[in-house]
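Within every chain, numbering begins at 1; the chains are lettered A, B, ... in the order of the sequence lines, protein sequences first and strands thereafter.
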Amino acid sequence: MIPPPNVTGSLHMGHAFQDTVMDTLIRHQRMRGKNTLWQPGTDHAGIATQMVVERRLAAEGKSRHDVGREKFIDEIWKWKEESGGTILRQLRRLGASPDWERERFTMDEGLSNAVKEVFVQLHEEGLIYRGKRLVNWDPVLHTAVSDLEVVSEEENGFLWHFNYPLTDGSGHLTVATTRPETMLGDSAVAVHPEDERYADMVGKTITLPLVGREIPIIADDYVDMEFGTGCVKITPAHDFNDYEMGKRHDLPMHNILTVDAKINEHAPEKYRGLDRYDARKQIVADFEALGLLGEIKDHKLMVPRGDRTGSVIEPFLTDQWFVKAAPLAEPAIKAVKDGDIKFVPQQWENTYFEWMNNIQDWCISRQIWWGHRIPAWYDDQGRVYVARDEAEAYTQAKEAGYEGELHQDNDVLDTWFSSALWTFSTLGWPENTKALQTFHPTDVLVTGFDIIFFWVARMIMMTLHFKKEVPFKEIYVHGLVRDGEGQKMSKSKGNVLDPIDLIDGITLEDLVNKRTYGMMQPEKAAKIEKATRKQFADGIPAFGTDAVRFTFASLASNGRDIRFDLNRCEGYRNFCNKIWNATRFALMNIEGHDCGANGGEVELSVADRWIISRLQQVEKDVNQSLANYRLDLASQAMYEFMWNEYCDWYLELTKPILNDENSTEAQLRGTRQTIVRVLETTLRLMHPIMPFITEEIWQKVAPLAGIEGETIMLQAYPEFDESKVDEQAVSEVEWMKTFIMGIRSIRSQMDIAPSKPLTVFIDNASEQDQAFLANNEVFLSRLARLESITLLDGEAPKSATALVGEMKILIPMAGLIDVDAERARLNKEIGKLEKEVARVNGKLSNEKFVSNAPEAVIAKEKEKQAQYESALSNLKDQLVSLEEL
RNA sequence: ACGACCGUAGCUCAGUUGGUUAGAGCACUACCUUGACAUGGUAGGGGUCGGUGGUUCGAAUCCACUCGGUCGUACCA
């Protein structure tokens with residue numbers, strides 16, 4: 001499932017990350033032979049899209065009302081074509097491999113039918129109702145918005161104290177408010193029932209200043225005696241808590257605002273038409289003039305703002321459509337509790353449960369034009385007919401004995417209402433299509449935590465209700481993509497990156513322009529420009545899609561936000577380059593040569609057997625990591641294998657064979673075959689994360705490995721094969737690596753030129769050591785640059801020493817190495833070892849450790865003890881002989 | 001206020017049910033234009049794992065408290 005991005009705008013880093021994750025998973029499963037579906041598409045993003053198109057009209061000096069509803073919607077469709085195309089192009093650039101022919105849009109005919117069907121059915125079941133309720137109202141957009149679209153943040157304000165005189169003239173009550181203008185709609189003053197200060201006033205009335213309305217003093221235990229004066233003004237039509245209290249006490253609701261949040265005709269003449277904030281000032285002034293204004297205190301309060309417009313949201317009394325959420329939530333909670341749906345990481349279940357357990361009815365009507373129009377029709381008497389289409393509505397009206405005109409509800413549905421049906425509506429529901437049977441329920445949803453409520457929870461509710469099965473079995477919740485400083489990326493902060501710019505690169509000037517163009521707050525442009533010039537002094541180089549994807553993958557740890565680090569991206573671009581170079585080497589040595597594809601005797605070297613063994617382990621690790629959504633571990637395993645094993649060691653170890661005139665045809669065939677086969681397999685292994693480079697190289701390499709096929713995308717994914725593991729070869733190569741690194745280390749520390757061939761003697765070699773030496777002399781000489789390797793016979797010359805287990809490698813110092821330098825080096829090594837020996841000895845001499853720790857752990861410690869001690873005594877001997885000679 | 005998550009090398013991050021000398025990339029130092037690769041090679045330096053206390057033979061890992069950060073949810077007019 002691909003969470004539908006808004007058709008507005010373009011893909012941002014969050015999408016790129018998410019799409020990388022999804023594409024990696026889907027490519028992996030596809031290669032594993034599964035019948036996969038990755039459902040692409042976009043949602044219509046009602047409010048956001050409408051705003052974009054309105055802004056474009058505004059640029060021409062027009063409003064949507066000037067052009068009219070139908071024309072306006074045409075405009076949006078035009079815009080959608082353009083913008084939706086951008087998104088699909090970007091997806092392709094990112095290497096995404098969804099099922100393009102199954103692309104869906106939430107306003108498609110099929111999806112629209114599903115929406116209508118769901119609406120009608122839910123209405124029939126009594127789960128959708130219409131009612132006059134207090135909703136969150138955006139006075140700029142003139143529409144209701146859901147709780148989730150309101151962001152409350154702390155802001156500085158004031159607490160005004162007003163004196164409300166009692167009607168009987170026996171005094172006054174002091175109330176406090178943060179929104180003075182709402183007093184015009186007050187219906188009561190409330191005190192706590194047990195508050196002795198006001199006990200005798202309950203039941204009396206107050207004459208509301210400026211308005212003159214007589215309102216009761218009521219008792220309700222919602223009131224906090226400790227706060228302020230202990231008296232609360234109650235405005236049921238403009239506050240959610242007051243609304244509840246109003247219902248409890250059957251108070252009248254005085255709506256005093258217009259849709260623009262201006263004072264309406266229910267208020268005294270003087271205030272009508274004033275903006276809410278102007279009215280506030282006027283009312284405070286008037287209270288002061290009346291001598292009824294008490295103190296004014298600074299006060300921090302939470303101010304609700306619309307997430308799209310940033311305007312202060314008003315609780316507003318209007319007719320709206322609602323989904324009764326509780327009955328739908330119940331099975332949705334159960335599905336997660338029972339493990340039918342699993343969150344990864346699991347902790348997100350808590351977030352889900354918390355919201356679901358306190359779920360509020362969902363306001364689904366929006367007073368905008370762009371969206372699914374509500375399938376409800378009204379007659380002259382205001383009776384409502386909910387139907388799939390107009391004809392059905394007329395039939396219903398007729399049956400109800402109404403013959404006149406019907407008009408459809410002007411409102412549209414919340415975008416998330418259609419998104420909630422995504423899993424099954426995209427597969428053809430309500431028809432029981434083949435696709436629906438094949439792909440429903442789906443396996444996994446990949447999404448960000450920010451839409452667990454908006455989308456995920458609602459999808460689960462709707463799907464369980466209509467399909468009677470879960471929409472998906474697992475939900476992989478990933479983190480947010482932040483910038484290098486850990487800041488959220490946003491247009492207004494000017495720190496957004498376009499994934500395409502990372503792929504293709506961008507000049508500093510273009511980047512600055514992009515970030516400062518069309519800003520909501522142009523005054524920030526200078527600051528953004530400065531920051532951008534500082535951070536990207538040379539612009540951004542082109543990293544390529546594969547490097548960008550690999551970076552995302554490597555940062556995709558379990559459920560934590562990721563800081564996009566350009567340096568890491570650069571590192572992974574270099575990795576791509578490394579793959580190219582390794583390929584060049586491989587092709588150079590393979591093209592036009594016999595790689596054993598057509599038979600012939602094949603002899604594998606120890607290096608061949610080693611790399612094949614290591615490959616098995618990596619295949620195992622990568623498969624497991626991908627199955628656990630650990631793309632970071634998978635990518636790291638690929639990186640290490642390709643670079644640190646295949647390139648650094650294996651390819652180096654092939655050179656002595658390939659370049660040796662004495663190599664047999666069988667040996668050459670074996671090595672060439674292994675070079676190409678391991679490369680080909682590694683390409684398949686890496687393909688889900690790096691689709692482009694692996695495909696391109698694979699096209700060249702696969703035929704040489706004797707593999708036929710159109711594309712790497714449909715090749716089998718590599719799987720661990722126990723029979724290909726050769727422990728003998730692994731330990732032999734490890735032995736060689738220790739040997740070579742020991743010499744390199746001395747060379748480097750003793751300042752011996754890398755080009756200088758060395759003569760070495762071997763002392764204290766076991767039978768196995770001697771066998772390994774005999775087998776691998778060519779490898780050792782070449783990789784460590786040795787002139788000769790001789791088993792020591794008799795007295796050792798003054799030497800620098802490296803250890804391979806018990807075996808000593810002696811490098812004669814004559815003319816090369818300074819005694820002091822070698823002494824210092826040995827002492828340093830000895831110091832390290834002594835610390836370790838002391839630690840291990842301490843452990844093993846601790847009775848409690850020996851009696852409590854598991855056998856295996858003790859054995860391991862003993863082994864370490866022996867190793868360290870032997871190495872230590874060897875080095876000490878060496879130190880002594882250094883002094884003696 | 002409650003809850004969740006995070007705090008590991010200069011930076012970005014791994015560290016699977018407690019058990020090698022805590023790892024990687026980038027950055028840093030030295031050396032190296034050796035025929036795949038300087039977007040490279042080789043060898044190095046660098047961390048008392050936020051703090052305190054506890055459980056344990058043994059803690060980066062488990063528990064408690066605490067400090068710092070991020071994010072949710074709820075808020076008193």
Sorted by position of nearest nucleotide on RNA chain B, 5' first, the leading residue of A:Gln347 and A:Gln624 is A:Gln347

Separation of B:U39 atom P from A:Ile540 atom CD1, nearest Å, is 20 Å

Of the candidates B:A77, B:A4, B:C57, the side chain of A:Asp224 sits closest to B:A77

Side-chain contact check for A:Leu633: nearest option of B:A43, B:A14, B:C13 is B:A14

Per atom distances to the A:Val857 side chain, the nearest of B:G40, B:U70, B:G19 is B:G19

Between CG of A:Asn577 and P of B:G40 the distance, given in whole Å, is 7 Å

Closest to the side chain of A:Cys647, out of B:A36, B:U12, B:G44, is B:A36

Rounded to whole Å, the CD-P distance (A:Glu570 to B:C26) equals 9 Å

Sorted by chain and residue number, the side chain to side chain donor-acceptor pair (under 3.5 Å) partners of A:Glu834 (sequence neighbours excluded) come out as A:Lys876

Exercise. Answer yes or no: side-chain N or O of A:Glu652 and base N or O of B:A36 forming a donor-acceptor pair under 3.5 Å.
Key: yes

Pairing partner of B:C26, by Watson-Crick or G-U wobble and under 3.5 Å for both distances, is B:G10

Salt-bridged, A:Arg614 to A:Glu640, with N to O below 4.0 Å? no

note: A:Ile452, atom CD1; B:C71, atom C1'; distance rounded to Å ~ 12 Å

| task | Using the P atoms only, state how far B:U55 lies from B:A74, rounded to an integer number of Å. | result | 41 Å

A:Arg568 CZ to B:G25 P, in whole Å, measures 10 Å

Closest to the side chain of A:Arg744, out of B:A36, B:U42, B:U20, is B:U42

Against the side chain of A:Lys832, the closest entry in B:U39, B:G45, B:G41 is B:G45

